[in-house]
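Written below as structure tokens is the structure these notes are about.
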Amino acid sequence: LRTAGGRVASVTADMGRAAVCAAQTLTLPDGETITLRRVSVGNPHAVLFRASMPDAALLRLGTALQTHPAFPGGVNVELVHLSAPATLRMRVFERGSGVTSACGTGACAAFADGVCASGADITVRLDGGELTVRAEPDGTLFLTGAAEEICEGTAWV
């Protein structure tokens, strides 16, 4: 998806409203106590604001929360850090997939947890690139990011 000038196209999606729960403290199987916030953007998220987010921590926390009794169906886990004004750095462990390079609903969940004033654009930096999240006064979230063709195929139905 390239524009006539060869640039990658940008796409904006209406992501609906996020449901944000109060902060919750959980004890992990290894005895560590963590505080997170449950956020639903049509799918479940556990958002944890952290000062750092190394690979080992993301893998350990993501794996532990997949089997935690608080999340019987599994959960997407976001480690988030406010890296600059209006900029969140985020890493994600998706249920059923493990560590992934990006997650649009996760970016919206992090935005909703961190909350950011309506009308303000927030950049979410992920391993796979940047997304922009904005909330309308009614709470509707809009996600904007690059749209890039990664493959072609034919489907037979």
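The figures here come from the full heavy-atom set of this structure, side chains too, leaving out hydrogens, waters and symmetry mates.
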[X] and [Y]: which non-hydrogen atoms are nearest, and at how many Å?
X    : Y    : result
S10  : T144 : OG-CG2, 3.2 Å
A70  : Q24  : CB-NE2, 4.4 Å
M90  : A110 : SD-CB, 3.9 Å
A46  : F71  : CB-CZ, 4.1 Å
A135 : L141 : CB-CD2, 3.7 Å
L65  : L28  : CD2-CD2, 3.9 Å

> Should R89 and D127 count as an ion pair when the cut-off is N to O under 4.0 Å?
Replying inline: yes

Nearest-0.5 Å distance, [atom1] of residue [X] to [atom2] of residue [Y]:
X    : Y    : atom1 : atom2 : value
R37  : C21  : CZ    : SG    : 9.0 Å
T123 : L88  : OG1   : CG    : 8.5 Å
R17  : C108 : CZ    : SG    : 14.0 Å
F49  : T35  : CZ    : OG1   : 13.0 Å
L26  : E32  : CG    : CD    : 11.0 Å
L48  : L79  : CG    : CG    : 6.0 Å

> Under 3.5 Å, side chain of T63 to main-chain N/O of L59, donor-acceptor pair present?
Replying inline: yes

>> Check whether Q66 reaches the backbone of G62 with its side chain - one donor and one acceptor, N or O, closer than 3.5 Å.
In response: yes

Is the shortest heavy-atom distance from the side chain of [X] to the side chain of [Y] under 4.5 Å?
X    : Y    : value
T33  : T25  : yes
I34  : L61  : yes
L58  : R91  : yes
H45  : C103 : yes
L143 : T132 : no
V77  : V92  : no
H81  : R50  : no
M15  : T105 : yes

> When you look at T100 and E94, which way does the side-chain hydrogen bond (donor to acceptor under 3.5 Å, both in side chains) test go after all the steps?
Replying inline: CA-CA 7 Å; T100 60; E94 291 192 75; 2.7 Å; yes

> Is I122 reachable from F142 through a run of I, L, V, M, F, W or Y residues, each pair having side-chain heavy atoms under 4.5 Å apart?
Replying inline: no

> Where do V80 and V47 land on the side chain to side chain contact (heavy atoms under 4.5 Å, CB included) test, with the steps shown first?
Replying inline: CA-CA 7 Å; V80 184; V47 180; 3.9 Å; yes

